[in-house]
Trainee: 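A single structure is presented below for examination.
Note that these values count all heavy atoms, side chains included, but never hydrogens, waters or copies made by symmetry. Within every chain, numbering begins at 1; the chains are lettered A, B, ... in the order of the sequence lines, protein sequences first and strands thereafter.
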Number of protein chains: 2
Amino acid sequence: MKETETGIEITLEIVCGKWKGLILWKLLHENPMRFNQLRREIDGEISSRILSRELRKLTDDGLIERIDYEMVPPKVEYRITPYGKTTASFLASMNEWGLEHKRMSTSKKEMARLINKKTQDELC
Amino acid sequence: MKETETGIEITLEIVCGKWKGLILWKLLHENPMRFNQLRREIDGEISSRILSRELRKLTDDGLIERIDYEMVPPKVEYRITPYGKTTASFLASMNEWGLEHKRMSTSKKEMARLINKKTQDELC
DNA sequence: ACAAGTACTTACAATTTTGTTACTATTCTA
DNA sequence: TAGAATAGTAACAAAATTGTAAGTACTTGT
């Protein structure tokens with residue numbers, strides 16, 4: 001009877017939090033990436049400890065893989081797996097929505113007021 | 001030079017956490033809803049305190065609105081705003097992804113193994 | 001008369017997430 | 001010879017999120 005059981009919970013489990021979505025998004029666009037490279041390129045400065053943790057979570061979930069070249073100084077690459085690549089579907093629409101609503105106004109509340117008002121006007 | 005600035009952060013700010021995505025998703029499918037009705041219909045049991053908080057956040061962000069009928073016993077309806085409706089775009093793809101990867105396997109890790117392995121085989 | 005339902009709120013506590021700082025061993029560069 | 005870079009980890013702390021229990025004022029049903 002329920003045709004709208006929620007896959008959203010499942011997706012949120014993976015992508016939720018401040019960083020995991022961003023990391024996946026980065027790796028979707030530039031595939032193997034090294035640790036510090038990721039650190040630098042993620043906007044908003046992530047600490048190495050946090051990045052390390054998030055990467056491990058993503059690895060445990062099979063979305064990315066860790067390739068350790070076992071050299072000194074260390075070289076480790078992270079690359080998105082085929083499974084990880086499937087997240088592109090929803091990450092792309094999340095990104096689009098975000099960009100759209102950033103372009104239109106800096107303030108979320110302002111934005112909401114505008115859209116809501118506009119549609120109200122149309123109804124009259 | 002950057003054409004992949006991230007709207008994802010913005011979207012995550014709104015939809016992140018355990019509940020906000022689910023609440024929006026519910027309201028997208030059954031529009032005005034009362035407080036306890038929402039509480040009952042959200043899988044995984046949300047406490048009234050949490051629901052109340054999440055609803056206020058969504059209201060503050062202009063995604064839903066609160067209609068208080070000012071009667072006793074109290075009757076309050078929550079309905080999604082036009083702005084809130086725009087979230088359907090990404091919520092739908094999140095839902096789809098989640099369902100797909102729930103159907104295919106109960107365990108995320110198992111799932112990852114299968115997909116990753118399959119693609120590897122194809123490459124050989 | 002009593003329980004249950006309405007939409008919450010308050011006070012408190014546990015849990016999770018996120019962060020900072022300092023440190024490792026080694027190599028390359030100035 | 002000093003400093004930077006590599007990919008982290010350990011110890012610790014703050015902040016955010018989520019939760020529980022109890023209560024409000026009133027009505028409806030048994």
Side-chain angles (χ1 to χ4, degrees), chain A residues 6 8-24 26-27 30-61 63-79 108, chain B residues 6 8-24 26-27 30-61 63-80:
Chain A
T6 168
I8 289 183
E9 310 168 74
I10 297 162
T11 307
L12 278 178
E13 268 175 41
I14 279 174
V15 88
C16 203
K18 213 167 157 187
W19 303 112
K20 284 194 286 184
L22 290 189
I23 294 168
L24 284 172
K26 274 286 171 206
L27 282 172
E30 191 177 343
N31 197 353
M33 269 193 144
R34 298 177 65 179
F35 186 87
N36 280 327
Q37 190 187 4
L38 263 167
R39 236 194 114 182
R40 271 183 251 109
E41 291 196 20
I42 285 176
D43 345 346
E45 278 307 286
I46 184 172
S47 72
S48 60
R49 191 208 157 196
I50 302 300
L51 179 56
S52 169
R53 267 175 81 134
E54 300 301 301
L55 287 172
R56 193 161 35 228
K57 283 184 210 161
L58 290 170
T59 307
D60 288 348
D61 282 346
L63 295 156
I64 64 177
E65 59 183 337
R66 198 187 106 108
I67 296 136
D68 191 339
Y69 288 88
E70 313 215 359
M71 28 166 68
V72 150
K75 177 176 177 185
V76 177
E77 274 181 0
Y78 290 90
R79 68 177 66 203
K108 263 181 294 180
Chain B
T6 169
I8 289 184
E9 309 168 75
I10 297 161
T11 306
L12 277 178
E13 266 174 42
I14 279 175
V15 89
C16 203
K18 215 167 157 186
W19 304 113
K20 284 194 285 183
L22 290 189
I23 294 169
L24 284 173
K26 274 284 171 210
L27 283 172
E30 191 176 343
N31 198 353
M33 269 193 144
R34 298 179 64 178
F35 187 86
N36 280 328
Q37 189 187 4
L38 262 169
R39 234 194 116 182
R40 272 183 251 108
E41 291 197 19
I42 285 176
D43 344 347
E45 279 305 288
I46 184 172
S47 73
S48 59
R49 191 210 158 195
I50 302 299
L51 180 54
S52 170
R53 267 176 80 132
E54 299 303 301
L55 287 171
R56 194 163 31 229
K57 282 183 210 161
L58 289 170
T59 308
D60 287 348
D61 282 345
L63 295 155
I64 65 177
E65 59 181 338
R66 198 187 106 108
I67 296 136
D68 190 339
Y69 288 87
E70 313 215 359
M71 29 166 67
V72 150
K75 176 174 177 185
V76 178
E77 273 181 0
Y78 291 90
R79 69 176 65 202
I80 202 157

Trainee: A:Ile50 CD1 to D:dA14 P: how many Å, rounded?
Mentor: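 It is 16 Å, rounded to the nearest whole Å.
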
Trainee: Between C:dT26 atom C1' and A:Glu70 atom CD, what is the distance in whole Å?
Mentor: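 These atoms are roughly 15 Å apart.
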
Trainee: Write down the atom of A:Gly17, the atom of B:Cys16, and the distance for their closest heavy-atom approach.
Mentor: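 Smallest heavy-atom distance, with atoms named: N-SG, 3.0 Å.
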
Trainee: Side chains of B:Val15 and A:Ile8: closer than 4.5 Å at any heavy-atom pair?
Mentor: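 Sidechains of A:Ile8 and B:Val15: no contact.
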
Trainee: Rounded to whole Å, how long is the line connecting atom NZ of A:Lys18 with atom C1' of D:dT17?
Mentor: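 That distance rounds to 14 Å.
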
Trainee: Which letter, B, S or -, goes with each nucleotide of nucleotides 3-9 of chain C from 5' to 3', with contact meaning a protein heavy atom under 4.0 Å?
Mentor: --BBBBB

Trainee: Identify, with sequence neighbours excluded, every residue that meets side-chain hydrogen bond (donor to acceptor under 3.5 Å, both in side chains) alongside B:Lys18.
Mentor: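 Counting only residues at least two positions away or on another chain, B:Lys18 forms no side-chain hydrogen bond (donor to acceptor under 3.5 Å, both in side chains).
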
Trainee: When the distance from CD1 of A:Ile64 to C1' of D:dA7 is rounded to whole Å, what number comes out?
Mentor: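 Taking atom C1' of D:dA7 as the reference, CD1 of A:Ile64 is at 14 Å.
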
Trainee: Measure from CD1 on A:Ile23 to P on C:dT17 and round the result to the nearest Å.
Mentor: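 Going from CD1 in A:Ile23 over to P in C:dT17 covers 14 Å.
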
Trainee: Between C1' on D:dT18 and CD1 on B:Ile42, what's the gap in Å once rounded to a whole number?
Mentor: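 The answer, rounded to whole Å, is 14 Å.
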
Trainee: For residues 71-78 of chain B, run the donor-acceptor check on the side chains, cut-off 3.5 Å, and write out each pair with its distance to 0.1 Å, sequence neighbours left out.
Mentor:
{"unit_1": "B:Glu77", "atom_1": "OE1", "unit_2": "B:Tyr69", "atom_2": "OH", "d": "3.0"}
{"unit_1": "B:Glu77", "atom_1": "OE1", "unit_2": "B:Arg79", "atom_2": "NH2", "d": "3.3"}

Trainee: Testing the basics here: between A:Leu22 and B:Glu9, what is the closest heavy-atom pair and its distance to 0.1 Å?
Mentor: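 Looking at all heavy atoms of both residues, the closest pair is CD2-CG, 3.5 Å.
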
Trainee: Measure from CG on A:Leu51 to P on D:dT9 and round the result to the nearest Å.
Mentor: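 That distance rounds to 11 Å.
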
Trainee: If you take all heavy atoms of A:Glu41 and A:Met33, which pair is closest and at what distance?
Mentor: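 Closest approach of A:Glu41 to A:Met33, heavy atoms only: OE1-CE, 3.3 Å.
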
Trainee: Just the rounded figure in Å: distance from C1' of C:dT18 to CD1 of A:Ile46.
Mentor: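 One finds 9 Å between C1' of C:dT18 and CD1 of A:Ile46, rounded.
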
